[in-house]
There are 2 protein chains.
Amino acid sequence: MQNLSKMDILKSYLETKGLKSTSQRDYIADTFFKTNTHISLDELLKKVKRKTPNIGYATVYRTMKLLTECGLAIARQFGDGQTRYENLPDDGHHDHIICIKCSKICEFQNQKIEQLQAEAAKKLGFTVVNHKLELYGYCSECS
Amino acid sequence: MQNLSKMDILKSYLETKGLKSTSQRDYIADTFFKTNTHISLDELLKKVKRKTPNIGYATVYRTMKLLTECGLAIARQFGDGQTRYENLPDDGHHDHIICIKCSKICEFQNQKIEQLQAEAAKKLGFTVVNHKLELYGYCSECS
DNA sequence: TTGAAAATGAATATTATTATCATAAGCTAA
DNA sequence: TTAGCTTATGATAATAATATTCATTTTCAA
Ligand SMILES: [Mn+2]
Ligand SMILES: [Mn+2]
Ligand SMILES: [Zn+2]
Ligand SMILES: [Zn+2]
């Protein structure tokens, strides 16, 4: 399952779950796969409706739920009350830093932090499954 | 403002804002100050109603908003859809590790992680105001 | 004491998310 | 290809947490 495209991964996930392929689902997924932002359901719905205006909110909602389940999308909550989705990154896990004035979101990776997290968890007897690290502040243009 | 009790800090905050002292507000704040958990509004309301059953949800909500504003309470969201509040800790900032099975919450401090966060932010031109680090996994009893 | 300003609490509004249901579409086996 | 069963869709409604409204009560400074 290394070199399959995202759409192929989705298709095989649907198959294992006994789910069906539909034009709406495909188009929503494809539209999402082409984004490189942290997109909300409303934003994605708007994008999708440009070509297929009759598509419903519920279908976008269910498709993103599906993509999250199979790992192709990651659901994020940055505190503005809206769940946002991003594509599974090629280069592995990353964390976020968010500007509290203009809402700009930057991403960063820090292996040392990840390692220290694991150590802290181990010390408390926990087995970490996932984590959330978000820094909030002012970006260079807003400070 | 070093050695003032939390209630005194609240009182002086109210004063600067031209707000008034009321028995309800005092009792809710005092009840909250005595907690040492991450408490939800519903839980706090229930606790408060034991002695003063006629107190309303809105007053608890508004009091916690006030305490959060003046820094005496910290609002946390651990992903269960409920905002939880904790007292401003005496020993400074801490982060959390949450069991995804039994919901146990442990706290930890790690100065090295904090430092690395600051460095990562600086590299991106950000000035960090606050941050959120949450580890999710299984506690020793659940793994 | 009194009157303007703020607080209260019940109720309602808002908002994001999730569920329902009648109908449409996909798929499998004849 | 078609029949028949399953799943998907989209409009709408239900949920649930949070936030606001408003008539009434309370506070507090003059
Ligand atoms: Mn990201
Ligand atoms: Mn805590
Ligand atoms: Zn900014
Ligand atoms: Zn546990």
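A, B, ... follow the sequence lines: proteins, then strands. Residue 1 opens every chain. Predicted model, so just to flag it, every value in this text is computed and none were measured. The figures that follow rest on heavy atoms only: side chains count, while hydrogens, waters and symmetry mates do not.
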Phe32(B) to Leu72(B) - nearest heavy-atom pair and separation: CE2-O, 4.0 Å
For Leu14(A) and dA8(D), give me the distance from atom CG to atom P, rounded to whole Å. 8 Å
Would you call Lys132(B)-Asp95(B) a salt bridge at under 4.0 Å N-O? no
Rounded to the Å, how far apart are Gln24(A) CD and dA8(D) P? 11 Å
Euclidean distance, atom CG of residue Leu67(A) to atom P of dA8(D) [Å, nearest integer]: 13 Å
Verify the neighbour count for atom OH of Tyr138(A): are there more than 12 heavy atoms of other residues, nucleotides or ligands below 6.0 Å? no
Contact list for DNA chain C against residues 69-86 of chain A - heavy-atom distance below 4.0 Å: Gly81(A), Gln82(A), Thr83(A)
Between the protein and nucleotides 28-30 of chain D, list every N/O to N/O distance that falls short of 3.5 Å.
residue	atom	partner	partner atom	Å
dC28(D)	OP1	Ser21(B)	N	3.2

N-O pairing of Asp26(A) and Lys11(A) below 4.0 Å: yes
Would you name the heavy atoms of Thr63(A) and Ala29(A) that are closest together and state the gap between them? CG2-N, 4.3 Å
Whole-Å distance between dA8(D) P and Ile28(A) CD1? 12 Å
Contact between Leu41(A) and Tyr85(A) at the side-chain level, heavy atoms closer than 4.5 Å - yes or no? yes
Might you point out which heavy atoms bring Thr127(B) and Ser143(A) nearest each other, and give the distance in Å? OG1-CB, 3.9 Å
Atom CD of Glu15(B) and atom C1' of dT27(D) are separated, to the nearest Å, by 14 Å
First and last nucleotide of DNA chain C, 5' to 3', lying under 4.0 Å from heavy atoms of chain A: dA16(C) to dC27(C)
Pick the closest DNA chain C nucleotide for Lys17(B) and for Val60(B) by heavy atoms, then say which residue is nearer the 5' end. Lys17(B)
Knowing that exactly one of Lys47(A), Lys46(A), Glu86(A), Arg84(A) qualifies, which makes a side-chain contact (heavy atoms from CB on, under 4.5 Å) with Ile39(A)? Lys47(A)
Side chains of Gln82(A) and Asp42(A) in contact at under 4.5 Å (non-hydrogen atoms): yes
For His96(A), check ring pair (Phe, Tyr, Trp, His ring centres under 6.0 Å) against everything at least two apart and list the hits. His38(A), Phe78(A), His94(A)
At their closest point, which heavy atom of Gly79(B) faces which heavy atom of Tyr136(B), and how far apart are they? N-OH, 4.3 Å
Residues from residues 36-50 of chain B sitting under 4.0 Å of DNA chain D, heavy atoms only? none
Backbone N/O of Pro89(B) and side chain of Asn87(B): donor-acceptor pair under 3.5 Å: no
Scanning both residues in full, the closest heavy-atom pair of Ala121(A) with Ile97(B) reads CB-CD1, 3.5 Å
Rounded interatomic separation in angstrom, taking CG from Asp26(A) and P from dA8(D): 12 Å
Minimum-distance pair of heavy atoms, taken over all atoms of Gly137(B) and Phe126(A): C-CD2, 4.3 Å
Which atoms of nucleotides 20-22 of chain D (N or O only) lie under 3.5 Å from a protein N or O atom, and what are those distances?
residue	atom	partner	partner atom	Å
dT21(D)	O4	Arg62(B)	NH1	3.4

Figure out the OH/P separation between Tyr57(B) and dA16(D), and round it to whole Å. 14 Å
Is there a side-chain contact (heavy atoms from CB on, under 4.5 Å) between Gln24(B) and Thr52(B)? Walk through the geometry before answering. CA-CA 8 Å; Gln24(B) 291 96 327; Thr52(B) 55; over 6 Å; no
Any sub-3.5 Å donor-acceptor pair from Ser5(B)'s side-chain atoms to Asp8(B)'s backbone N or O? yes
